[in-house]
Amino acid sequence: MFVYIFSTPQVTGVLDDCLCDIDSIDNFNTFKIFPKIKKLQERDYFRYYKVNLKRPCPFWAEDGHCSIKDCHVEPCPESKIPVGIKAGSSNKYSKVANSTKELEDCEQANKLGAINSTLSNQSKEAFIDWARYDDSQDHFCELDDERSPAAQYVDLLLNPERYTGYKGSSAWRVWNSIYEENCFKPRSVYRPLNPLAPSRGEDDGESFYTWLEGLCLEKRVFYKLISGLHASINLHLCANYLLEETWGKPSWGPNMKEFKRRFDPVETKGEGPRRLKNLYFLYLIELRALSKVAPYFERSIVDLYTGNVEEDADTKTLLLNIFQDTRSFPMHFDEKSMFAGDKKGAKSLKEEFRLHFKNISRIMDCVGCDKCRLWGKLQTQGLGTALKILFSEKEIQKLPENSPSKGFQLTRQEIVALLNAFGRLSTSIRELQNFKVLLQHSRCHCEKGQLFPSTSASPSAGSWGTADSPALGSLQPEVPAEPLAVHHSTQTASVGSRK
């Protein structure tokens with residue numbers, strides 16, 4: 001009897017474009033970060049995220065929202081929202097925050113974010129200046145308008161990221177437009193495992209990686225960030241998969257067959273380890289951002305306000321403890337190596353980088369599954385916030401101790417997205433370790449002549465997070481969507497690109 005033994009993706013060694021090895025990241029995440037970030041995500045300040053899941057797709061006619069029950073997001077009733085968060089529904093983008101005549105209301109609005117409500121008059125004036133300035137900041141993401149009637153609070157703990165069954169051309173089209181139109185790639189270069197690519201014999205994607213290595217550092221980094229995000233999402237879906245449902249009671253858990261289809265070196269023609277390495281690279285980028293933004297939160301004026309004074313103090317202590325750990329990591333990515341050339345060219349490249357990423361955040365409004373859209377928007381915004389931090393070092397260094405600064409600010413929405421997005425990456429790396437153990441156990445069973453455990457359901461082709469992309473997924477879309485044109489247009493998901 002022939003028994004197939006699952007191969008384990010070998011992800012080891014030093015990452016490209018930085019001097020950090022994967023084993024060091026695994027140990028650091030397992031023993032330092034994961035337990036604390038998991039605990040932080042359970043705190044009220046970080047579990048409630050305000051998001052607009054009804055924004056229309058700006059690039060193509062929507063196929064309609066998914067009717068699968070697991071795609072549904074349950075908004076949080078107003079009565080469940082902590083008073084300190086709910087009191088700040090009018091945030092700094094409101095007219096109140098921009099009116100010097102309504103400072104009392106502005107002071108109340110401050111409670112939503114990280115700004116302590118006990119401000120001096122001088123601080124209030126600085127806050128108003130900052131509110132006017134902030135709309136012109138170099139955001140890397142399209143932020144939801146929290147004042148919109150369609151924006152609702154979601155309890156992230158009650159709406160976990162997991163496999164929903166969302167699949168087909170709608171899911172494939174989102175990821176295809178991200179890679180084809182926003183990753184600085186010409187149409188003549190095909191991604192590995194792209195179902196639209198012409199047959200190239202034994203190429204197996206090597207021409208793609210030859211092209212990628214010929215790009216400047218900044219564009220390589222951009223691709224790896226998107227690939228790493230995609231890999232992380234797929235790991236979550238594999239680890240939290242609907243295995244069976246008995247009498248209306250679902251059973252969720254790791255699906256090893258699904259993991260194999262997305263990451264196995266043989267099944268993915270060597271792509272699996274590359275995808276997972278990009279996950280580690282993304283982890284390093286966000287880890288670096290947390291270490292750089294620590295001074296912002298260490299100021300006495302910063303208060304993670306929910307209305308529960310004791311819990312708020314504990315939450316800030318835990319957050320600062322996490323920042324202390326991030327600073328202790330010895331092999332950080334050096335962001336100063338980016339945009340370091342001639343000033344004019346570097347400025348132009350940075351703006352192009354920012355606009356491409358901002359466009360990807362807009363594409364997340366085209367996701368048909370509400371739960372996938374929720375976590376896609378949150379993780380994209382979290383990464384966008386990390387990039388904003390990395391390229392605001394001078395502004396962060398100049399932060400005043402006891403008053404807001406118009407040079408650099410974070411909204412509560414950005415703070416919640418930043419820490420939850422990093423929490424998702426930390427969880428992905430932890431889940432990867434779990435899959436390695438499960439695969440080792442399954443190999444032992446197979447070697448003893450036992451059939452592979454059948455506790456996991458069969459994966460569905462073309463599901464959300466899979467696509468054909470080099471970031472993840474060897475699964476074919478059911479109905480490949482026609483690729484969008486790459487040019488400047490309000491009707492496409494492209495912002496243009498340079499070689």
Report task. Go through N402 and S300 one step at a time and tell me if the side-chain hydrogen bond (donor to acceptor under 3.5 Å, both in side chains) criterion holds. Result -> CA-CA 7 Å; N402 296 309; S300 59; 3.0 Å; yes
Using only atom types and a distance under 3.5 Å, with no angle test, would you say the side chain of [X] pairs donor to acceptor with the backbone of [Y]?
{"X": "Y296", "Y": "L410", "value": "yes"}
{"X": "N182", "Y": "S177", "value": "yes"}
{"X": "R220", "Y": "L212", "value": "no"}
{"X": "S426", "Y": "F422", "value": "no"}
{"X": "S291", "Y": "R288", "value": "yes"}
{"X": "D26", "Y": "I429", "value": "no"}
{"X": "S361", "Y": "K358", "value": "yes"}
{"X": "E74", "Y": "L158", "value": "no"}

Mind checking the [atom1]-[atom2] spacing from [X] to [Y]? Nearest 0.5 Å is all I need.
{"X": "K277", "Y": "S227", "atom1": "NZ", "atom2": "OG", "value": "12.5 Å"}
{"X": "L374", "Y": "L156", "atom1": "CG", "atom2": "CG", "value": "6.0 Å"}
{"X": "I285", "Y": "I389", "atom1": "CD1", "atom2": "CD1", "value": "12.0 Å"}
{"X": "L19", "Y": "S24", "atom1": "CG", "atom2": "OG", "value": "11.5 Å"}
{"X": "E142", "Y": "I360", "atom1": "CD", "atom2": "CD1", "value": "13.5 Å"}
{"X": "F357", "Y": "N359", "atom1": "CZ", "atom2": "CG", "value": "11.0 Å"}

Can you name the closest pair of heavy atoms from [X] and [Y] and give their distance?
{"X": "H72", "Y": "N159", "value": "O-OD1, 4.2 Å"}
{"X": "Y166", "Y": "C369", "value": "CG-CB, 3.4 Å"}
{"X": "G307", "Y": "V83", "value": "CA-CG1, 4.3 Å"}
{"X": "P295", "Y": "R299", "value": "O-CG, 3.4 Å"}
{"X": "I25", "Y": "C20", "value": "CG1-SG, 3.5 Å"}
{"X": "H236", "Y": "R424", "value": "NE2-O, 3.0 Å"}

Requested in this report: Determine the interplanar angle of the Y179 and H230 rings, folded into 0 to 90°, and report it as parallel if under 30°, tilted if 30 to 60°, perpendicular if over 60°.
Outcome: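 The rings of Y179 and H230 lie parallel, inter-plane angle below 30°.
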Report task. Can you label the angle between the H356 ring and the F184 ring as parallel, tilted or perpendicular, going by 30° and 60°? Result ->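 Plane angle under 30°, so parallel.
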Query raised in the report: So T385 and F140, side chain to side chain contact (heavy atoms under 4.5 Å, CB included) or not? Walk me through it.
Result: CA-CA 7 Å; T385 304; F140 281 79; over 6 Å; no
Query raised in the report: ring pair (Phe, Tyr, Trp, His ring centres under 6.0 Å) between Y223 and F208: does it pass, once the steps are laid out?
Result: CA-CA 12 Å; Y223 168 77; F208 173 83; 5.4 Å; yes
Please determine whether a side-chain nitrogen of the Lys or Arg among [X] and [Y] lies less than 4.0 Å from a carboxylate oxygen of the Asp or Glu.
{"X": "K350", "Y": "E218", "answer": "no"}
{"X": "D145", "Y": "R147", "answer": "yes"}
{"X": "E146", "Y": "R412", "answer": "no"}
{"X": "D144", "Y": "R55", "answer": "yes"}
{"X": "K80", "Y": "D155", "answer": "no"}
{"X": "E311", "Y": "R43", "answer": "no"}
{"X": "R47", "Y": "E42", "answer": "no"}

Requested in this report: Test M331 against D21 for side chain to side chain contact (heavy atoms under 4.5 Å, CB included), laying out the working first.
Outcome: CA-CA 8 Å; M331 292 173 281; D21 67 279; 3.8 Å; yes
Requested in this report: Would you please test N29 and Y283 for side-chain hydrogen bond (donor to acceptor under 3.5 Å, both in side chains) and show each step?
Outcome: CA-CA 10 Å; N29 182 68; Y283 180 92; 2.9 Å; yes
Taking the side chain as every heavy atom from C-beta outward, state whether [X] and [Y] have any pair of such atoms under 4.5 Å apart.
{"X": "T427", "Y": "L235", "value": "no"}
{"X": "T306", "Y": "T315", "value": "no"}
{"X": "Q381", "Y": "M364", "value": "no"}
{"X": "L419", "Y": "Q41", "value": "no"}
{"X": "R275", "Y": "L279", "value": "no"}
{"X": "W375", "Y": "V51", "value": "no"}
{"X": "I233", "Y": "E161", "value": "yes"}
{"X": "Y48", "Y": "V416", "value": "no"}

Requested in this report: Please say which of L425, L432, N278 ends up in a side-chain contact (heavy atoms from CB on, under 4.5 Å) with S232.
Outcome: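 The option that passes is L425.
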Report task. Give the C-alpha distance, both sets of side-chain angles, the deciding distance and a yes or no for side chain to side chain contact (heavy atoms under 4.5 Å, CB included) between Q152 and C76. Result -> CA-CA 7 Å; Q152 294 178 300; C76 195; over 6 Å; no
Query - Centroid-centroid distance, F353 to F222, less than 6.0 Å - result: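 Yes - the distance between ring centres of F353 and F222 falls below the 6.0 Å cut-off.
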Query raised in the report: Does the gap between the ring centers of F339 and F391 come in under 6.0 Å?
Result: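 Between F339 and F391, the centre distance is under 6.0 Å.
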Report task. Kindly check if the number of other-residue, nucleotide or ligand heavy atoms within 6.0 Å of CD (E401) is above 12? Result ->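 Count over threshold, so yes.
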Query raised in the report: Does atom NZ of K32 have more than 12 heavy-atom neighbours, drawn from other residues, nucleotides or ligands, at distances under 6.0 Å?
Result: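 Not buried by this count: 12 neighbours or fewer within 6.0 Å.
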Report task. Decide, based on the SG atoms alone, whether C57 and C366 are under 2.5 Å apart. Result ->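 Answer is yes: C366 pairs with C57 in a disulfide.
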Query - Worked check of side chain to side chain contact (heavy atoms under 4.5 Å, CB included) between L276 and I22 - result: CA-CA 10 Å; L276 294 172; I22 287 173; over 6 Å; no
